[in-house]
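Remarks on the structure that follows.
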Amino acid sequence: MNKKFKPLAFKEKTEEEMIAASNLFLEQMKKRRTVRNFSNRSVPEEVINNAILTAGTAPNGGNMQPWHFVVITEPAIKKEIRTAAEKEEQEFYNNRASDEWLQALKPFATDENKPFLEKAPCLIAVFMRNHILDEQGKKHKTYYPVESVGIATGMLITALHFSGLATLTHTPSPMRFLNKILQRPNFERPFLIVVTGYPDNNTEVPEISKFNLEQITTFK
Ligand SMILES: Cc1cc2nc3c(=O)[nH]c(=O)nc-3n(C[C@H](O)[C@H](O)[C@H](O)COP(=O)(O)O)c2cc1C
């Protein structure tokens with residue numbers, strides 16, 4: 001195997017700069033909230049492309065990059081996705097979800113109706129690849145695809161938020177209908193849909209809180 005290395009592009013910050021940067025980023029990220037009411041205003045294509053490229057920089061098992069993103073702005077396709085998603089969500093809310101699960105969802109006032117899937121200007125369907133095909137069409141298993149695509153999706157959401165767009169992480173499971181509608185191969189598993197756009201006027205979000213440092217961390 002041909003080992004090729006190059007110098008790391010790393011510029012050390014002073015401690016003050018690091019602390020300032022971390023505080024600034026934390027304050028930005030605290031403002032990210034899941035939005036369920038979107039305006040139909042279109043969004044700059046370059047922002048979406050850059051957010052996907054950001055996701056594509058994610059660390060991942062063996063650098064197999066086991067992800068594929070489908071950007072959907074076409075109204076007819078959004079409508080098809082909404083119809084299929086609402087069918088699954090009806091089943092979820094009426095039969096599939098446990099009482100405990102429905103109870104946990106109460107604060108978000110969600111139901112089987114998903115108008116944002118048509119109204120939001122852009123849906124990004126994230127697919128996870130269980131294997132990849134090389135140039136000769138030979139299959140290669142991917143490593144840690146769930147962890148890798150989870151990290152990439154987090155970076156995608158972060159990039160969209162940082163650029164000034166709102167997002168909704170949507171999982172109308174099972175999501176196999178996405179393979180059919182979006183003509184993706186079977187070895188790609190739908191991971192989730194990132195709905196993105198501008199929040200509608202006067203959008204409100206549930207009043208929830210996040211755990212503090214002590215609640216989520218152990219220092220040894
Ligand atoms: C994997 C995953 C799946 C989610 N699925 C849905 C969904 O299908 N519908 C929805 O309205 N919210 C969904 N959410 C959003 C969560 O409800 C939301 O992130 C959580 O309530 C915390 O709120 P915040 O994002 O505003 O901090 C999902 C979030 C994650 C991470």
Side-chain angles (χ1 to χ4, degrees), residues 1-30 32 43-73 122-165 167 169-171 173-176 178-196 211 213 216-220:
M1 185 70 190
N2 190 11
K3 274 194 251 165
K4 243 174 128 189
F5 280 71
K6 65 174 188 179
L8 172 71
F10 181 83
K11 189 170 175 295
E12 191 168 318
K13 292 182 167 77
T14 66
E15 281 198 12
E16 290 74 31
E17 284 169 339
M18 284 166 66
I19 292 165
S22 70
N23 275 310
L24 203 68
F25 193 68
L26 174 60
E27 286 315 307
Q28 273 277 349
M29 291 313 295
K30 276 186 186 168
R32 184 211 56 81
V43 293
E45 198 182 310
E46 196 172 345
V47 171
I48 303 294
N49 293 348
N50 282 341
I52 291 173
L53 286 170
T54 302
T57 68
N60 65 94
N63 200 33
M64 312 285 272
Q65 305 170 64
W67 40 65
H68 188 79
F69 304 91
V70 182
V71 178
I72 306 129
T73 53
C122 182
L123 313 178
I124 305 173
V126 182
F127 286 86
M128 182 185 88
R129 292 183 160 166
N130 287 321
H131 64 256
I132 53 166
L133 297 175
D134 66 18
E135 276 149 28
Q136 284 77 45
K138 194 167 167 251
K139 275 187 190 176
H140 299 273
K141 186 174 142 10
T142 56
Y143 304 108
Y144 299 107
V146 180
E147 294 82 349
S148 302
V149 179
I151 294 169
T153 305
M155 291 172 65
L156 175 71
I157 293 167
T158 303
L160 290 167
H161 169 70
F162 193 75
S163 309
L165 292 177
T167 60
T169 316
H170 189 33
T171 43
S173 304
M175 292 184 283
R176 274 289 175 190
L178 286 173
N179 288 75
K180 196 161 169 246
I181 297 174
L182 302 173
Q183 296 163 344
R184 298 307 308 166
N186 251 340
F187 64 83
E188 287 183 4
R189 205 189 89 189
F191 197 69
L192 40 78
I193 303 173
V194 177
V195 183
T196 190
F211 293 139
L213 188 64
I216 59 172
T217 319
T218 304
F219 296 95
K220 296 271 190 201

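The basis for the numbers below is simple: all heavy atoms, side chains too, and nothing from hydrogens, waters or symmetry mates.
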Report the residues that fulfil side chain to side chain contact (heavy atoms under 4.5 Å, CB included) with [X], sequence neighbours left out, ordered by chain and then residue number.
{"X": "Val70", "answer": "His68, Ile72, Ala125, Phe127, Leu182, Arg184"}
{"X": "Glu45", "answer": "Asn49"}
{"X": "Phe10", "answer": "Leu8, Glu12"}
{"X": "Glu17", "answer": "Lys13, Thr14"}

Measuring from [X]:[atom1] to [Y]:[atom2], what's the distance to the nearest 0.5 Å?
{"X": "Asn130", "Y": "Thr142", "atom1": "CG", "atom2": "OG1", "result": "5.5 Å"}
{"X": "Thr153", "Y": "Ile193", "atom1": "OG1", "atom2": "CD1", "result": "12.0 Å"}
{"X": "Thr196", "Y": "His161", "atom1": "OG1", "atom2": "NE2", "result": "11.5 Å"}
{"X": "Leu24", "Y": "Ile19", "atom1": "CG", "atom2": "CD1", "result": "13.5 Å"}

Qualifying residues under salt bridge (Lys or Arg N to Asp or Glu O under 4.0 Å), relative to Arg189, sequence neighbours excluded: none
Set of salt bridge (Lys or Arg N to Asp or Glu O under 4.0 Å) partners for Lys4, sequence neighbours left out: none
Return the minimal non-hydrogen interatomic distance between [X] and [Y], and the atom names on each side.
{"X": "Leu160", "Y": "Thr167", "result": "CD1-CG2, 3.7 Å"}
{"X": "Val195", "Y": "His170", "result": "CG2-CB, 4.2 Å"}
{"X": "Leu133", "Y": "Gly137", "result": "CD2-O, 3.7 Å"}
{"X": "Phe191", "Y": "Val146", "result": "CZ-O, 3.9 Å"}
{"X": "Ala152", "Y": "Ala55", "result": "O-CB, 3.4 Å"}

Residue pairs, two or more places apart or on separate chains, that pass ring pair (Phe, Tyr, Trp, His ring centres under 6.0 Å) and touch residues 131-160: His131-Phe187
Within-4.5 Å side-chain heavy-atom neighbours: Leu53 and Asn50: yes
Thr158 vs Phe25 side-chain heavy atoms within contact, under 4.5 Å: yes
Residues Phe219, Leu213; criterion side-chain contact (heavy atoms from CB on, under 4.5 Å); working and verdict: CA-CA 10 Å; Phe219 296 95; Leu213 188 64; 4.1 Å; yes
Which residues share a side chain to side chain donor-acceptor pair (under 3.5 Å) with Glu27, sequence neighbours left out: Lys30
Test side chain to side chain donor-acceptor pair (under 3.5 Å) applied to Lys180 - qualifying residues, sequence neighbours left out: none
Thr169 (side chain) donor-acceptor with Val194 (main chain) under 3.5 angstrom: no
Salt bridge (charged side-chain N to carboxylate O under 4.0 Å, His left out) partners of residues 124-147, not counting sequence neighbours, each pair once: Arg129-Glu188
Enclosure of Met29 CE (heavy-atom neighbours >12, cutoff 6.0 Å): yes
Extract all donor-acceptor atom pairs below 3.5 Å that involve side chains of residues 56-66 and protein atoms in other chains or at least two apart in sequence.
unit_1	atom_1	unit_2	atom_2	d
Thr57	OG1	Thr54	O	2.6
Asn60	OD1	Asn63	N	3.4
Asn60	OD1	Met64	N	3.0
Asn60	OD1	Gln65	N	2.8
Asn60	ND2	Ala58	O	3.0
Asn60	ND2	Asn63	OD1	3.4
Asn63	OD1	Gln65	NE2	3.4
Gln65	NE2	Asn63	O	3.4

